[in-house]
J.: 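Structure in structure tokens, see below.
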Amino acid sequence: MGTALLYDEEMTKYKLLWVDPACKIEVPERLIVSYEALVRSGLSDRCISIPAREASDSEILLVHSELYLEAVKKTPYMTLEDLKEFTLQFGDVYFHPNIYHCAKLASGSALQLVDSVMTGKVRNGIALVRPPGHHSMHGAANGFCVFNNVAIAARYAKQKYGVKRVLIVDWDIHHGQGVQYCFEDDPSVLYFSWHRYEHQNFWPNLRESDYDSVGKESGTGFNINVPWNNVGMENSDYLSVFCHVLLPVAYEFCPDLVLVCAGFDSAIGDPEGEMCATPDIFAHLTHLLMNLAGGKLCAVLEGGYNLTSLAQSVCQTVQTLLGDPVPQLANLRGPCKSAIESLQCARSAHRRYWSFLKHAADPPMTDISTKHIKSAMEEEEKTEMAEEERCTEGKVWPEPPERLCPPVCSASVLPDDVVCPDGLKPLSSSKDLEPLLVSKLKTAAVDGDGVTTFSRLYTLVEKLVANEIRNGLVLVPDVAAAMMCVVQDLTSDLVKRVLVVCVGKEKELDYVTTDGKVLVVQISSEDSEEHRSKYYIPVCLKKGCSDTSGFIQAVLGLLLPLGYEYNPDLVLLVRMPGSGVVDSMWQQLIGLLQGFAKGHTLVLMQVNEKACMGSTASALLGHPAPPLQDLQTPFPEDGDALERLRERLQADWKMLQTTS
Ligand SMILES: NCCCNCCCCCS
Ligand SMILES: [Zn+2]
């Protein structure tokens, strides 16, 4: 299934008609450069174009009051003076004779997108709209927003399609207070937002934007705020919050639909956000959300005021929605102190509502929420000092890397008598191995056809590294032997870093490199004290890999952060026989691991587990993994052990830090 793209140039036909410094950045060119970048890159042609439409009154009334709607209806007939007058009652927003029409198109586009996804016409999609929506409220326009596009879409999805649980992820740099107010008492809509806050010193300067606003009444726990109290946040900060706050809760919530308030003013160069995360970060944020809700994801544009980073960020998002490999993120140095404080506060505020956060640490000593009473002097100093180091318009960043799709998506190396699953391309040629290696294999008691398998395995690794193939599945008689072979011999000169993910445990991995060429993360039911090192990380689950709750917790809170920091060039996923891993979890793991090494994942499985080839192939081909249904509460021992493991490792692995 494809990716929907909604865009209508009519939504460029309104602009600020008077002087207002607060609103001058919200210009029609925002939409024009975004769409033109998609056209120029060829991405728009790969999308399914869906027409915009006007939202009806009843659809708008899902969120807004009749009084407000009737008032906005009058604006097309107002004089310039009347429009200025009308605007005065709201904050940081402007009206225009055509903005009511555009606001209906913006909300209607979001609804068209929901229809396309919920009817299965497309898998996912994006609506490029203006005016944005997440600041507008029941009875008021605010922050460039007139109708709350995403809030309307959430209510619409529930009403029309009986969607039970909607996850709204707001990665815009401003707090979508309008969305928060709409759903704060509603447990069927989980709203997550990060936003520049600076201890309430940043717009919209609301006390309820802080981490302790967790929702109310039956919606308690279903509102997550992560305040950024400093500017200059980087890719590490964003990914840490996804791995340690959003994703654990999102998996426990198990949404049927994901809506994204896709604002790109959180990207580097934006005058509003003054952050330093690069446009390719949105490739990863999108990828991480695509494994939820069976891939049903609707992204709706919110902010984004640097025309260069906006266009690049939109392209990065769309390219991931289309299923292209995500770019490698280099030198993630771990979250900064301020980000750790924020994520620790958010985790501790929610630990009583989410069993996946149950073992989160106490809030930091320096309770960051009371710091907002800053002396004017301090504020003054910060402004002067920060000026030069901030990431503003003057900042430059590299063009996002090209994300080439290999000609072959998934290849296979199977014994001759095993039927190749649909979609996989059997690897034909096999390179003759150096005699030295053949003799080595023979000593490893690898029989004749084993040598053939290994030579084809070698060829497969070569083609992965050459980006001729994206990923591969290999069935071998003995996975442990094959793994040694791949790691020790086949990759010595081909790749710099190999991430080995071992699911289950058959026997001790009797080697561990200390030079960092290989990082092994082994998830199993047994602990192993010996030869633990920075590069060999055993994760012990009380009930082993069959316990999906413990497994996904280990993946999100440990494997993902480690993988991002290690930044491998190849991922080797080894399924030990008898691991007991559940199929949906196995597919989720393959989906999530695609975020590393440009998707170069090599799956090693034992021949006697060929029954799992179908689902493995499906995940390798990029089909969305089935949601992890009714997850049990993780075993306390596991949650606790994971927390302790992180604390022990965070000295070596900065992306594991969750406490300041
Ligand atoms: N420096 C201009 C102040 C703008 N304040 C409102 C921002 C609304 C963003 C919507 S994403
Ligand atoms: Zn914004």
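Atoms within a ligand are numbered from 1 in the order they appear, just like the ligands themselves.
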J.: Ring-plane angle category for W354 and F222, please: parallel below 30°, perpendicular beyond 60°, tilted otherwise.
T.: perpendicular
J.: Does only the side chain of D265 get under 4.0 Å from ligand 1, or the backbone, or both, or neither? Count heavy atoms.
T.: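 Side chain only.
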J.: For G303, counting its heavy atoms only, list the atoms of ligand 1 lying under 4.0 Å from any of them.
T.: 11 (S)
J.: Does R30 come within less than 4.0 Å of E26, counting only side-chain N to carboxylate O?
T.: yes
J.: Where does the angle between the aromatic ring planes of F86 and F90 fall among parallel (under 30°), tilted (30 to 60°) and perpendicular (over 60°)?
T.: perpendicular
J.: Taking the non-hydrogen atoms of H174, is any one of them nearer than 4.0 angstrom to ligand 1?
T.: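 Checking ligand 1 against H174, which is what was asked, there is a heavy-atom contact under 4.0 Å.
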J.: I need the atoms of ligand 1 closer than 4.0 Å to a non-hydrogen atom of D172, numbered in the order shown.
T.: 11 (S)
J.: Tell me, please: is P132 in heavy-atom contact with ligand 1, that is, under 4.0 Å?
T.: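 Contact check P132 vs ligand 1: negative.
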J.: Can you establish whether the number of heavy atoms outside K13 located under 6.0 Å from its atom NZ is more than 12?
T.: yes
J.: Give the atom numbers and elements of ligand 1 that come within less than 4.0 Å of a heavy atom of G143.
T.: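 Close to G143: 8 (C), 10 (C).
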J.: For ligand 1, which atoms sit closer than 4.0 Å to a heavy atom of A22?
T.: 2 (C), 3 (C), 4 (C)
J.: Confirm or rule out an N/O/S atom of D172, from backbone or side chain, lying less than 2.8 Å from the Zn ion (ligand 2).
T.: yes
J.: Just let me know how F264 lines up against ligand 1, side chain, backbone, both or neither, with a heavy-atom cut-off below 4.0 Å.
T.: neither
J.: Is any side-chain N of the basic residue among K73 and D57 closer than 4.0 Å to the acidic one's carboxylate O?
T.: yes
J.: Heavy atom under 4.0 Å from ligand 1: found in E26's side chain, backbone, both, or neither?
T.: neither
J.: With a cut-off of 2.8 Å, does H174 put an N/O/S atom close enough to the Zn ion (ligand 2)?
T.: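 Of the N, O and S atoms in H174, at least one lies under 2.8 Å from the Zn ion (ligand 2), which means yes.
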J.: Would you please classify the geometry between the H135 ring and the W203 ring as parallel, tilted or perpendicular, with 30° and 60° separating the classes?
T.: perpendicular
J.: Does the separation of the ring centres of H284 and F242 fall below 6.0 angstrom?
T.: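 No: the rings miss the under 6.0 Å criterion.
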J.: Examine ligand 1 and decide if any of its atoms is less than 4.0 Å from a heavy atom belonging to E272.
T.: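 Yes, that is the case, since the closest heavy atom of the residue is under 4.0 Å from the ligand.
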J.: Does Y35 have its ring centroid less than 6.0 Å away from the ring centroid of Y7?
T.: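 Yes, ring centres under 6.0 Å apart.
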J.: Does NZ or CZ of R351 lie under 6.0 Å from the centre of the six-membered ring of F356, at an angle within 45° of the ring axis?
T.: no
J.: Taking 2.8 Å as the cut-off, does D265 contribute an N, O or S atom near the Zn ion (ligand 2), distance below it?
T.: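 It does; at least one qualifying atom falls short of 2.8 Å.
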J.: Closer than 4.0 Å to some heavy atom of H134 - which atoms of ligand 1 meet that?
T.: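 With H134 as reference, the close atoms of ligand 1 come out as 11 (S).
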J.: Quick check: does D92 get an N/O under 3.5 Å from an N/O on ligand 1?
T.: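 There is such a contact, yes.
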J.: Taking atom CG of L67 as the centre, report whether more than 12 heavy atoms of other residues, nucleotides or ligands fall under 6.0 Å from it.
T.: no
J.: Need the ligand 1 atom indices (1-based, order shown) with element for anything under 4.0 Å from a heavy-atom of Y305.
T.: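 Near Y305, meaning under 4.0 Å from one of its heavy atoms, ligand 1 has 9 (C), 10 (C), 11 (S).
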